[in-house]
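Note sheet for the following structure.
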There are 2 protein chains.
Amino acid sequence: MRTNGPPDSPVPSGSSHLLRTINERAALYHLLENGTLTRVELRKLTGLAKPTASQVMLRLSEAGLAVTLGRSTAKQVGPRAEVYSVNADYAFAAAVTLREPDGVTVAVRDLKGRERASSTRRIDFTAVPLDRAVLDLLERTAADAGIDKGRIAALHVAVPGAYDAETDTIGYADIPGAPEVRMRAAIEAALDCPVTVHNDVNAATVAERRNPAASGGLVLLWLGREGVGAGIDLGQGLIVGARGAAGEIGYVPVFPDRTGPDDPTYQDWIGAPAIADLGREHGVEGPDAAAVVAGAVERGADAFLEAYAKRVAGALHMLTCLFDPPCLVLGGEIARAGGETLVDHVRRQAGALGDRVLPSAVYGDAVAIGVLDLAYADLKERVLDAALA
Amino acid sequence: MRTNGPPDSPVPSGSSHLLRTINERAALYHLLENGTLTRVELRKLTGLAKPTASQVMLRLSEAGLAVTLGRSTAKQVGPRAEVYSVNADYAFAAAVTLREPDGVTVAVRDLKGRERASSTRRIDFTAVPLDRAVLDLLERTAADAGIDKGRIAALHVAVPGAYDAETDTIGYADIPGAPEVRMRAAIEAALDCPVTVHNDVNAATVAERRNPAASGGLVLLWLGREGVGAGIDLGQGLIVGARGAAGEIGYVPVFPDRTGPDDPTYQDWIGAPAIADLGREHGVEGPDAAAVVAGAVERGADAFLEAYAKRVAGALHMLTCLFDPPCLVLGGEIARAGGETLVDHVRRQAGALGDRVLPSAVYGDAVAIGVLDLAYADLKERVLDAALA
DNA sequence: CCAATAGATAGTAAAACTGTCTAACTATTG
DNA sequence: CAATAGTTAGACAGTTTTACTATCTATTGG
């Protein structure tokens, strides 16, 4: 920003240089928001004078951040305005999703927000070090798409576990090798790019923010094939906790007077074990929890669904008392298998809370979408902060 | 700020006017932080040139925000620097605490952060409308201290209930008349000053932030004479929820398979009813819950304390799984009555969590202190934003 | 002990510098 | 011909640099 004062001061100060930087930042911000921009549009957004708008766009072009795309095709009186565009190849955001047993998924988005590459590979985590596996797939994917890996300026990783940013360790993860590897340090060293690691449910929560109905914030109750968890975004960004372990509802004991290691937690109460138990009770079976729920929906096993929905509603009630979110989203493989039918059952069991309960609005892989959204948002911020030093 | 662009744009733009505003803002910010400032100190903080520093301070003085306090008394070579001070009387922050049955407490802090007035009055809320009672005491208190009530630029109110900012209503409150009155609208209309209403436990949480050990954020488990609740500040400010009902642990059912109206909630499990029950079981009695706990501590009734601490530890465990705060503070009249003894018992019962458990570090009335801190912080922000339009 | 002096600090004045804005102008298009 | 896109030249506003004055302490020499 080129402020005069100490860089940690929350209030900047400076001279004309600062003014130029501020206006360039504003222009770049609007360019990133809109993708393309004519000088006239920039003036409408910023209020800058004509010559200033011209100069600012010129400097953004010289810095390699903007490129001219030709002239507007709008049918209008007068000459056609020159169209500036974000230089999509200026920098890239990469997202990695780790899953057991599915392996590694990588996706790359350019500065303009277009998906430029993606691939998934099954990996035996007991055979290959975690960081090597990620780096290998990332490099191969980038190379195949003709992307210079040195231009990757933000890399975000989703892992099925609690990531403690302070110690750079992954707790509670199901993936072999995850607790040992220092994911951020290892990848940053190899790639020279800032790395951020997220819990997978938190990443999925970000994806749900795409739903306008959840724009005020949400709590996502994740009912996954393996585990359950909650993702919390109350409008001011994700709540991750001091050690990345916020939202770990799976570890909450169901009965506070029974807290021994064999006593039930919410993982047992609403997760895969509960579905197996309830399924047996009600004569609904299947190869895994999602299949049981899907089967119950298909066959109209209302007693089973009601029993399970009641438990889920109890969890939602607890989450609502503690977080009071504007909406509660049901996500994860089990919720998906249950579909609208399960949501309806839960709504009925949730009483007054029912109005706040929504199904997931994300098609496809919520975790992968969310972590890519996080990476892309981070990339834009970094470009805005760093490009015009 | 006098930016060119639309005022809702997150990125400002502008010309020389903006620069001047930015530098004045920076100066005012540092002045508010430090209380007093010489030109040389301002230059060190902002990096501004000598003439600019002079001009900025001149303008702050002309605007009535700063006053000269004479010359520095530092023994040094050369002339003594002129000392500027915040004009303490420029604006005031007022805080109101409502309590049943204690009535109303009012406190006023000036722009420099000094407490200028405070008073408490018992009020029969069934006889006087809530807003009238607040306004009366506030006006009388201000007048007694010689404070122009028109200069009160931020008023914050703490109420024992969940305040929904959107509908301007107070839910779950124990105070007669609270659910009916539109507190914010009523006081704003009478006083022409922005009013913010908080839950009392949230206010107390802010007071705990004064403790350096809790600087990274905290969850306050409030064990009050009347009710229990949790205040959550994870470092990015209070979490209040969509309808102001976050942290209402008192409404969480203890046993998720028993959610009828007569089944126990955490209010019954760790609040006053639990203490009465456990007290009877263990032969500890008293006129109210705080007295029972105080008596138990005094007489060394370890069995009672252990049983109660176990329940509290269970609540802390749930809160930790969901919020993962860096520290857990025990507050409220019951926690105070239990003192270090109770905290030690809870620590022992909490297992690995014990390290994060702390007693309240606030002497005196945490709610009143917290709401005054909130009002004062808000005042500074408003002055910074509005004074140099 | 006292006075003269050097050196550092606080603050101001004038001119240079850097940026944006206004106004006038050219070119393009329906 | 009128409206729009864009440039150019000079005005304008703000900060900075440089030079200067005034004030105060500490040192030094008589």
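Here is the naming used below: chain letters follow the sequence lines, and residue numbers restart at 1 for every chain. Computed from heavy atoms alone, side chains included, the values below leave out hydrogens, waters and symmetry copies.
- Rounded to a whole Å, the CD atom of B:E82 is 12 Å from the P atom of C:dA10.
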What does the list of N/O pairs under 3.5 Å between the protein and nucleotides 3-5 of chain C look like, with a distance for each?
none

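- Following rounding to the nearest Å, A:R80 (CZ) and C:dA27 (P) show an atom-to-atom distance of 19 Å.
- Rounded to an integer number of Å, the gap from CD of B:E41 to C1' of C:dT9 is 14 Å.
- Residue B:N23 has no polar side-chain atom (N or O) positioned under 4.0 Å from OP1 or OP2 of D:dG14.
- Comparing A:T38 and B:P79, the nucleotide of DNA chain D nearest to each residue sits closer to the 5' end for A:T38.
- With rounding to whole Å, B:Q55 atom CD is found 14 Å from C:dG11 atom P.
- DNA chain D is contacted by both A:Q76 and A:P51; A:Q76 maps to the nucleotide lying nearer its 5′ end (nearest heavy atom per residue).
- Mapped onto DNA chain C by nearest heavy atom, A:R20 and A:K75 fall at different nucleotides, with A:R20 at the one closer to the 5' end.
- Put simply, CZ on B:R39 is 14 Å from C1' on D:dA22, counting in whole angstrom units.
- Atom CE of B:M57 and atom C1' of C:dT12 are 17 Å apart (whole Å).
- In this structure, A:R71 reaches the sugar-phosphate backbone alone: every heavy-atom distance under 4.0 Å involves primed, P, OP1 or OP2 atoms, never a base.
- Side-chain atoms of B:T141 and B:S119 include a donor-acceptor pair closer than 3.5 Å.
- Between D:dG6 and A:S54, no contact under 4.0 Å exists linking OP1 or OP2 to a side-chain N or O.
- The base of C:dT18 sits within donor-acceptor range of the side chain of A:S16, with an N or O pair under 3.5 Å.
- The side chain of A:K50 contributes no N or O atom lying less than 4.0 Å from OP1 or OP2 of D:dT4.
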